[in-house]
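Computed from a predicted model, the values in this text were never measured in an experiment.
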2 protein chains.
Amino acid sequence: MDSLRCIERLEKKGVRATSIRILVLDALMNASGTMSLADLEAVLETVDKSSIFRTLEIFEKHHLVHSIDDGTGSIKFEVCEGEDDCTIADMHTHFYCEKCHRTFCLKEISAPLVDLPEGFQANSVNYIIKGLCPDCCR
Amino acid sequence: MDSLRCIERLEKKGVRATSIRILVLDALMNASGTMSLADLEAVLETVDKSSIFRTLEIFEKHHLVHSIDDGTGSIKFEVCEGEDDCTIADMHTHFYCEKCHRTFCLKEISAPLVDLPEGFQANSVNYIIKGLCPDCCR
DNA sequence: TCCTTCAGCGCAACCCGGTTGCATAGAGAT
DNA sequence: ATCTCTATGCAACCGGGTTGCGCTGAAGGA
C-alpha cells in the first residue's frame, strides 16, 4: 500500500528499510488485528520464515512492534501505536475468542496494573481475556 | 506426603485415584509455586511424560488444577484453591521473573477484570506481570 | 476364584512453532 | 570495480506438547 509511510517509520526508528522489512511492516500495519508469524508467512508467500522471524526480532528491539502471548501457543505481533517507545502504560487489553480463535486488540482499554508486593519490579504486563467475541456469542 | 488428602480430593472431584494421579497431585500440592510439565517430569522420574500430560488434562477438566500461560513457552500448572470450581473471580495475578525464570503466584492479588465492549463475553483471564523478583532485584 | 473388560499407562513417534548455522546475495562504502 | 558487512534463504534443529498403539492391572461379574 503506502510503502512510503513504512519506510519513513523504519528509518525514524533507526532500522534500515529493506524490501522485506517494508513488506512485513506493511502487512502488520494493514492487519485488522494482530498477526502471528504463521499469518505473516501465509501473506508473504515469497518470504522465508526465518527472515520474517528475524525481521520481527529487529522490529521488537527497535520498538516498532510488540508481541502478545495470548496463550494459543503462537505469539502475536502488532505495530506500536505512538511515535515513541511502548511503555508499560501503553500495554492494552487483548481478547482471545475461544471459538473463532482470533485475538482482538482492545486498544481503548489499557491493561490494568495492580500494586505488587514489596520488592517486585514490573517491566511489562500481559493481560488477556478469553471468551466469546461478539460474532461468536450469538 | 499426605496422600490421603490427595485421594480424598481426587474422589471428591470424581477422578479415580490411581497411583500416578496421587503422585502428580501430591507434587503439585507440595510445590512452592507453579509447575510445568517438565518440572513434574523431573520430580517424578519414573513416570512417563505422556502419562503426566494426560493426568494434567484430566485434572484440568475436573477443576483440580488450572493452567497459566506465563509467556515462557511452557504452560504452568497449579492446584485450584477452593473446594468448588475455579471461577473467573478466583484467577489471581502471576509474576514472571525475567532473570531467574520463575513464575510466582500472587494469590492475594486477584486478577483485575476490565469492562469489555458490548458483545464480548469473558470466560477467563490471564494476567501476568513480567519483571524482576525480589531476589533478582538487588 | 477365574475370566472378561476397560481405563490407565509407557513407549515411541510425531507435530508445530520457534530458532540457529551457514552459505549466498545484495546494498553501501571506498 | 572492488571490498565489506548486512540481510536473506535454506535446511536442519530444538523443545514442548500431542497422539497411536499395545500392554498391564484393577474393577466387576459369573
Side-chain angles (χ1 to χ4, degrees), chain A residues 3 6-7 10-11 13-28 34-62 64-78 96 101-103 126, chain B residues 3 6-7 10-11 13-28 34-62 64-78 96 101-103 126:
Chain A
S3 49
C6 290
I7 295 171
L10 285 165
E11 290 179 344
K13 298 280 187 171
V15 178
R16 188 149 70 188
T18 69
S19 56
I20 286 188
R21 289 175 186 171
I22 296 167
L23 283 173
V24 173
L25 185 55
D26 191 65
L28 283 167
T34 60
M35 292 186 89
S36 67
L37 203 158
D39 292 335
L40 286 164
E41 230 181 309
V43 173
L44 311 171
E45 296 179 338
T46 58
V47 186
D48 188 75
K49 180 168 76 156
S50 64
S51 299
I52 301 174
F53 172 76
R54 285 191 260 242
T55 298
L56 289 171
E57 220 172 27
I58 289 171
F59 281 7
E60 208 172 355
K61 192 190 298 175
H62 289 260
L64 272 157
V65 306
H66 59 258
S67 59
I68 309 116
D69 191 312
D70 56 12
T72 58
S74 76
I75 297 165
K76 303 294 185 297
F77 294 88
E78 184 180 37
Y96 174 72
H101 306 294
R102 281 186 295 170
T103 300
N126 204 18
Chain B
S3 49
C6 291
I7 295 171
L10 285 165
E11 288 178 345
K13 299 280 187 171
V15 178
R16 190 149 67 187
T18 69
S19 56
I20 285 187
R21 288 175 187 170
I22 295 166
L23 283 174
V24 173
L25 185 55
D26 190 65
L28 283 167
T34 60
M35 292 187 88
S36 67
L37 203 158
D39 292 335
L40 286 164
E41 230 182 309
V43 173
L44 311 171
E45 295 179 338
T46 60
V47 186
D48 188 76
K49 178 168 77 158
S50 64
S51 299
I52 301 175
F53 172 75
R54 284 191 260 241
T55 299
L56 290 170
E57 219 171 28
I58 290 170
F59 282 6
E60 207 172 358
K61 192 190 297 172
H62 290 260
L64 271 157
V65 306
H66 59 257
S67 59
I68 309 119
D69 191 313
D70 56 13
T72 59
S74 77
I75 297 166
K76 303 293 184 297
F77 295 89
E78 184 179 37
Y96 173 71
H101 306 294
R102 282 186 294 171
T103 300
N126 205 17

Using whole Å, what does the distance between atom [atom2] of nucleotide [N] and atom [atom1] of [X] come to?
X: Ile22(A); N: dG26(C); atom1: CD1; atom2: C1'; value: 14 Å
X: Ile75(B); N: dG17(C); atom1: CD1; atom2: C1'; value: 13 Å
X: Leu10(B); N: dA7(C); atom1: CG; atom2: P; value: 18 Å
X: Ile58(B); N: dG8(C); atom1: CD1; atom2: C1'; value: 8 Å
X: Ile7(B); N: dA26(D); atom1: CD1; atom2: C1'; value: 15 Å
X: Ile52(A); N: dC16(C); atom1: CD1; atom2: C1'; value: 16 Å
X: Ile20(A); N: dC10(D); atom1: CD1; atom2: C1'; value: 13 Å
X: Phe53(B); N: dG16(D); atom1: CZ; atom2: P; value: 14 Å

Under the 3.5 Å rule, do the base of [N] and the side chain of [X] count as making a donor-acceptor pair?
X: Ser50(A); N: dC10(D); result: yes
X: Arg54(A); N: dG18(C); result: no
X: Lys49(A); N: dG9(D); result: no

Original post:
So what does Ser51(A) hit on the nucleic acid, given a heavy-atom distance under 4.0 Å: a base, only sugar-phosphate, or nothing?
Top reply: base

**OP:** Could you check whether Thr18(B) gets within reach of a base, just the sugar-phosphate, or nothing at all, counting any heavy atom under 4.0 Å?
**Re:** sugar-phosphate

[X] side chain vs [Y] backbone, donor-acceptor pair below 3.5 Å:
X: Ser36(A); Y: Asp39(A); answer: yes
X: Asp69(B); Y: Asp69(A); answer: no
X: Asp70(B); Y: Lys76(B); answer: no

Subject >> Close side-chain approach of Ile75(A) to Leu37(A), heavy-atom, < 4.5 Å >> reply: no

Original post:
Closer to the 5' end of DNA chain D via nearest nucleotide, is it Arg16(B) or Thr46(A)?
Top reply: Thr46(A)

Could you tabulate the donor-acceptor pairs under 3.5 Å formed by side-chain atoms of residues 45-54 of chain B, not counting sequence neighbours?
{"unit_1": "Asp48(B)", "atom_1": "OD2", "unit_2": "Ser50(B)", "atom_2": "N", "d": "2.9"}
{"unit_1": "Asp48(B)", "atom_1": "OD2", "unit_2": "Ser50(B)", "atom_2": "OG", "d": "2.6"}

